[in-house]
Amino acid sequence: MMRITAYADRLISDLDLLDWPEPIKIMQRNWIGRSEGAQVDFLALAAGGDDPREWFRRRESSGWPAAPESESVIRVFTTRPDTLYGATYMVLAPEHPLVSRIVPDAWPEGTPAAWKGQFPGRPEGDVPPRAMVDAYVRRAQAKSDVERQVETKEKTGVFTGAFAVNPVDEERIPIFVADYVLMGYGTGAIMAVPAHDLRDCEFALQFDLPIPPVVMPPEDWLREHVAAAVKERPEAASLDLADRRVLEALYGRACLPGEELGGIYSIREAFAEEGIAIHSEAIEGLPTSRAKRRITGWLDERGLAREAVNYRLRDWLFSRQRYWGEPFPIVYDDEGLPIALRPEDLPVELPEMEDYRPETTDDPDAPPRPPLARAREWAVVTIDGREHRRELNTMPNWAGSCWYYLRYLDPRNDRHLARPEVERYWMLTPKEGGAAPESYDPATCRIGGVDLYVGGAEHAVLHLLYARFWHKVLHDLGHVSTPEPFHRLFNQGYVQAAAYTDERGVYVEASEVEEKDGKYWSRGKEVRREFGKMGKSLKNAVTPDEICSTYGADTLRLYEMYMGPLDVSKPWNTRDIVGVFRFLQRLWRNLVDEDTGALKVTDEPASDDLRRALHKTIDGVRRDMEALGFNTAIAKLIELNNQLTSLDAVPREVAAALVKMLAPLAPHIAEELWSRLGEGAEATIAYESYPEADPSLLLEDSIEVPVMIKGKVRARIRVAADADAAAMERAALEQPRVRQQLEGATVRKVICVPGKMVNIVVG
RNA sequence: GCCAGAGUGGCGGAAUCGGCAGACGCGCCAGAUUCAAAAUCUGGUGAGCAUCACGCUCGUGAGGGUUCGAGUCCCUCCUCUGGCACCA
């Protein structure tokens, strides 16, 4: 087990310091699922009848115990301690250890028939509680996850026959077993507040349990639920349902003994939001957040509750019974004690095996035999003359991906993970440029080590959370300098392709599908088309080999970047590839004479306009590349290149810059052009620095701005680039078309945004 | 059901802060070149109306709102994609 839960809070708080997409952060926060609330102890009444007063007194003097002191105490976790007065029953998960202990021999007198078990396969007749509970627990354990999901609609469960005491009002409440409570979360037991929890409400309706309200909802909710529920009833005719006080009275008196307003309103839908506490002596009238604190504090003083935090996140079972995984460097001696292998015995490598399947047996009680158990020789190691048995489980699938990026730092080092100076060089990044500091300092360093991590969103919660946890452990142990592994995360989209299903809904090989008359056919049968992530499961994968051999690697690469934004999924459509292929060819022809192979580059300076265009391109492309906007960067290069087609010879300053900008996108052709340009015959373009835009060339002397009248562009004016609002207004009102448009109209207002536009409001 | 993301021409997509919707590419149409074709080059290409070179109206999934001005901000709804599944 890896105690990732011990890092839960840090895994949440450090998210704020990472440059990650917000949706991924949200998914991680939800996955960790931190919830604040309280643990509360309930005394289960023994069949003989313990005196609860005695227990309350003992608790008052002993205080809150770390674990319940006896088997008749049920500890629950709740995020809503303020609803304790509304707890009308309790539920234990079927796997809860107390279930078998609290069940009495016979049903208590007056047990409603509905409580004696509601679930498929319930034993017939009036079965005693123990047999009924056993039957329910066995059935719950036999249910697969899929079955549990299918049955989410109907709540099932059984009354255990036992009661507990509600610590706030000492009311006796029944204890049920139901599989809607999970053993794996919280304490595996809950207090049920049907008026203010959706699931408890469903269960209460099913089992005919009381649903007393203890939180007053806001007026909107009352109007939507209470007023709507009663307005058709004849009894409501005399009531003013628009009056908030009437609605509150209806809601507050629902289900109170003898006060159901003649059954006019009873709660059928839980209100699970915050409101004002009602029918709750110790916290009456308090808003939810204050009520929570008050009641928890009050119970804490009496040793009955304690503030608590719970996580949805589970600890990481770091072991699999599979062959393909990293073997553990652990052996066991004769007494079964685990021993770490000595460094000289490392690395442990997987044995060559013919058969990777786990060993099976007919004996249901036999221990499982993982695949490595078949490697009988490998499984035994002799150390200091004594035989040891190897650990036969392997590490789980995310183990390697948690640290591979660290190994890349110093891959040939066979003594360390990575040399500390190498690790610092790559992983420590100062926030504001400059030299890397000696050690991590949150004030000056980025929290994450890897500058940019590009990966699919499917890793949002597993790989990316485990890797963060692993890195933090290594950081705490002093092996890595930064607290986080990946500073900036970018989720690329999926490449999608058409996939086809036959009449059974089964995917057919996409490459065998033909289109005819707008319909799709595979082997003579019509198939249905859909779009999905390209891959094996949808049988729609296309290898890029053919494109690569037809158009070359540069075109393939460029096309993949040009298809659209990196983070968006997009269909693979080979029809569009010729576009970028033509671009590369046109670029080549602009710089090299096709017939002679001679360079068409001149040392003459570029014209003013061309130079401006170049620097505008450099500026735009730089920004696009920074934002990973490869598609728009390429569009700008195409635009510049298109301007060169009409020239007899391309000025060297333009050619060189264009080729440099192209290099990261289409490296082969850029390298070839670079060598032809003769800019340093020995060097590769890879060592050139990226072109820089001259800011003075980005400013135009004059600009054209639109003039809008009645929200439409009616004319354009040319003004100095730095013209102020007054100058723009003057120029706009003088423009002939504007004057024509304004004839007979009154100008109410003129809005001028310098450098952008003029908007004339007429009335 | 819950969480997240996305809906823009025939297609992929562009639009940095609320300021000219449709950059760039594909496709399509026309022209040049050619004996012809491919390739290449030039021009055009959201829809409708028009006294088809002035111009007008509509238009970013639907409906409302804020604003001088909305693809962009707010509310309601629809569709699609991905993730989660009774988490007390």
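Order of the sequence lines fixes the chain letters, A, B, ..., with proteins taken first and strands second; residue numbering starts at 1 for each chain.
To the nearest whole angstrom, the two P atoms, one in G46(B) and one in G25(B), are 15 Å apart. A47(B) and C11(B) have their P atoms separated by 12 Å, with the value rounded to a whole Å. Across G9(B) and A14(B), the matching P atoms stand 13 Å from one another, rounded to whole Å. Rounded to the nearest Å, the gap between the P atom of G69(B) and that of A21(B) is 14 Å. Using P as the reference atom, G71(B) and G7(B) are 14 Å apart when rounded to the nearest Å. Comparing the same atom, P, in G13(B) and in C20(B) gives a spacing of 23 Å after rounding to whole Å.
For the 3.5 Å distance criterion, the side chains of S401(A) and H463(A) qualify, holding a donor opposite an acceptor.
Between the CG atom in D82(A) and the NZ atom in K292(A) there is a gap of 6.0 Å [rounded to 0.5 Å].
Counting non-hydrogen atoms under 4.0 angstrom, V578(A) reaches the backbone sugars and phosphates but no base. Within 4.0 Å of T187(A), counting heavy atoms only, lies no atom of the nucleic acid at all.
Under a cutoff of 6.0 Å and an axis angle of 45°, K155(A) and Y180(A) form a cation-pi pair.
When the side-chain hydrogen bond (donor to acceptor under 3.5 Å, both in side chains) test is applied to R293(A), no partner is found at least two apart in sequence or on another chain.
Side-chain proximity of M27(A) to the nucleotides A88(B), G19(B), G83(B) is greatest for G83(B). Ranking G19(B), C86(B), A85(B) by closeness to the N759(A) side chain, first place goes to G19(B). Considering only side-chain atoms of I638(A), the nucleotide from G25(B), C84(B), C3(B) that sits closest is G25(B).
W588(A) has its ring centre no less than 6.0 Å from the ring centre of F583(A).
F581(A) and Y551(A) have perpendicular rings, their planes meeting at more than 60° on a 0 to 90° scale where under 30° would count as parallel. The aromatic rings of F176(A) and Y89(A) stand perpendicular to each other, their planes meeting at an angle above 60°, with 30° marking the opposite boundary.
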Under 4.0 Å protein heavy-atom contacts per nucleotide of nucleotides 37-59 of chain B, with B for base, S for backbone only and - for none
---SS-------------SSSS-

Which letters describe nucleotides 7-16 of chain B, given B = protein heavy atom under 4.0 Å from base, S = only from sugar-phosphate, - = neither?
---BSBSS-B

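For G9(B), the base adopts the syn conformation, since its glycosidic angle falls within 90 degrees of zero.
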